[in-house]
Structure formats: C-alpha cells, structure tokens
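Taking it in order: structure first as structure tokens, then the write-up.
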Amino acid sequence: MTDFDDFVRGRGGALLRFGYLLCGDRHRSQDLVQEALVRCHQRWRRIEGLGGPEAYVRKAILRQFLSWRRRRSSAETPSDELPDHGTGGDFAARLAEQDAMRMALTSLPKRQRAVLVLRYYEDLPDQAIAELLGCSASTVRVHMSRALAALRGRPEFADVVVRRST
C-alpha cells in the first residue's frame with residue numbers, strides 16, 4: 001500500500017488542518033483523521049480508482065466529525081505549547097482574533113460549523129457542500145444563514161461583514 005502511504009505523507013498535514021477547523025481541537029482532529037484514514041485504508045484500491053481520493057477522504061473525515069457523539073467536558077483545553085510573544089502587538093491581536101473565532105465556531109452546532117468550514121476554508125459552492133452533507137443546497141443556505149447570524153450576534157463579531165468571493 002505504498003500509494004496510501006504516499007498519500008498520507010503528502011496530504012496528511014492538510015487533512016489535519018481540515019479536521020482541526022471542524023472540531024477546534026488538535027487532539028480530536030488527529031483522532032478524526034486517524035479514524036477516517038483507517039477506514040479508507042481498508043478499501044484504498046477502490047477509493048484510488050474513483051480518481052479523487054482526497055475528496056473521498058475529506059468526506060470521510062466530515063462524516064466522522066458529524067457522527068461523533070463525544071462532547072468536551074469543559075470549555076478549557078490544556079496546552080503544552082506557549083505562544084511566541086516576540087512579534088509584538090500585531091501577533092497578540094491576531095492570536096486573540098483567531099482564538100475568538102475558534103471559540104465562536106465551537107459554540108455552533110456541528111452541521112452549521114461544517115458548512116462554514118466547507119464554504120470559507122475549502123471554498124466549496126452550495127451544491128458541493130450539499131452533496132457532502134447529504135442534504136439540499138437550500139438546507140446548506142439555511143445552515144449558513146443561521147451560523148452567520150449566530151456569529152454576528154456575538155459582541156466580538158458584531159461589526160464583521162462576511163463576503164463570499166465568486
């Protein structure tokens with residue numbers, strides 16, 4: 001299965017970033033990606049024959065995320081890494097903004113969070129998101145609208161305007 005090994009070596013980092021954006025936790029994202037890769041490894045020849053193995057694996061990660069029943073026991077996540085404060089105020093502001101966005105995303109229901117990640121991180125159109133989630137494009141737009149309304153309702157994002165490039 002050297003093809004599978006090559007795929008994981010080449011695309012593993014991108015898959016982990018995708019998983020992190022979905023769940024907001026580095027360790028859970030590693031578990032998500034690992035579980036999806038284990039399942040895909042079992043039928044890799046068939047997946048590879050479909051022509052787009054990365055899309056298939058990303059869909060497996062998304063489904064794994066949506067089906068997970070585990071909940072975090074607290075809003076705090078321990079970390080053994082300290083942020084580098086050597087770059088000054090810009091870094092602190094950027095870090096605070098990223099942390100606020102991550103916390104806001106984790107407060108959303110899973111499907112709404114998945115729609116935001118698929119739209120703004122993966123840059124997928126409504127129809128592609130609908131196919132991944134197994135729903136209609138109008139349902140994707142409803143999830144998007146509700147998610148953005150929830151984010152706008154948070155004081156730290158009240159003035160943010162979200163525009164989608166076409």
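Just so it is clear, the structure is predicted and the values come from calculations on it, not from any experiment.
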query: How long is the span from the CD atom in Q112 to the CZ atom in R146, to the nearest 0.5 Å?
result: 7.0 Å
message: Between Q64 and R39, is there a side-chain heavy-atom distance shorter than 4.5 Å?
response: yes
query: If you look at every heavy atom in C40 and V57, which pair is closest and at what distance?
result: SG-CG2, 4.0 Å
message: Just to verify, what does R17 make a side chain to side chain donor-acceptor pair (under 3.5 Å) with, not counting sequence neighbours?
response: none
message: With clusters defined by side-chain heavy atoms of hydrophobic residues (ILVMFWY) lying less than 4.5 Å apart, directly or transitively, does F7 cluster with Y56?
response: yes
field: Donor-acceptor contact present, side-chain S145 to main-chain R141, <3.5 Å
entry: no
- prompt: Taking the six-membered ring of F18 as reference, does the NZ or CZ atom of R58 fall below 6.0 Å from its centre and within a 45° cone about the axis?
  reply: yes
message: Grouping I, L, V, M, F, W and Y whenever their side-chain heavy atoms are under 4.5 Å apart, do L32 and L116 come out in a common cluster?
response: yes
Separation of Q34 CD from S29 OG (nearest 0.5 Å): 11.0 Å
message: Please find the pair of heavy atoms, one from R113 and one from L22, that lie closest to each other, and give the distance.
response: CD-O, 2.8 Å
statement: Nearest heavy-atom approach of T106 to G24 is CG2-CA, 4.1 Å
message: Is there a continuous path of hydrophobic side-chain contacts, each under 4.5 Å between heavy atoms, that joins Y121 to F65?
response: yes
query: According to a 4.5 Å side-chain heavy-atom criterion applied to Ile, Leu, Val, Met, Phe, Trp and Tyr, with indirect links allowed, do L66 and V38 form part of one hydrophobic cluster?
result: no
Atom pairs and distances, donor-acceptor, side-chain atoms in residues 128-137, under 3.5 Å, two or more places apart:
from: S136; atom 1: OG; to: S138; atom 2: OG; distance (Å): 3.0
from: S136; atom 1: OG; to: T139; atom 2: N; distance (Å): 3.2
from: S136; atom 1: OG; to: T139; atom 2: OG1; distance (Å): 2.9

- prompt: What distance do L21 atom CG and L118 atom CG have between them, rounded to the nearest 0.5 Å?
  reply: 10.0 Å
- prompt: With a 4.0 Å cut-off, would you call D6 and R9 a salt bridge?
  reply: yes
- prompt: Of the non-hydrogen atoms in Y120 and L148, which two are nearest, and what is the gap between them?
  reply: OH-CD1, 4.1 Å
- line: Heavy-atom nearest pair, I61 first then A36, reads CG1-CB, 3.6 Å
- request: Starting from the C-alpha separation in whole Å, work towards a yes-or-no answer on side chain to side chain contact (heavy atoms under 4.5 Å, CB included) for V115 and R111.
  value: CA-CA 6 Å; V115 167; R111 286 198 170 264; 5.5 Å; no
Shared hydrophobic cluster for V142 and V117 (ILVMFWY, side-chain gaps under 4.5 Å): no
field: Stepwise side chain to side chain contact (heavy atoms under 4.5 Å, CB included) check, H41 with L37
entry: CA-CA 6 Å; H41 181 266; L37 287 173; over 6 Å; no
message: Assess the residue pair R45 and F4 against the criterion (side chain to side chain contact (heavy atoms under 4.5 Å, CB included)); give the C-alpha distance rounded to whole Å, side-chain angles, the decisive distance to 0.1 Å, and a yes or no.
response: CA-CA 9 Å; R45 291 290 174 216; F4 180 78; over 6 Å; no
query: Taking all non-hydrogen atoms of both residues, which atom of S107 and which atom of A104 are closest, and how far apart?
result: OG-O, 2.6 Å
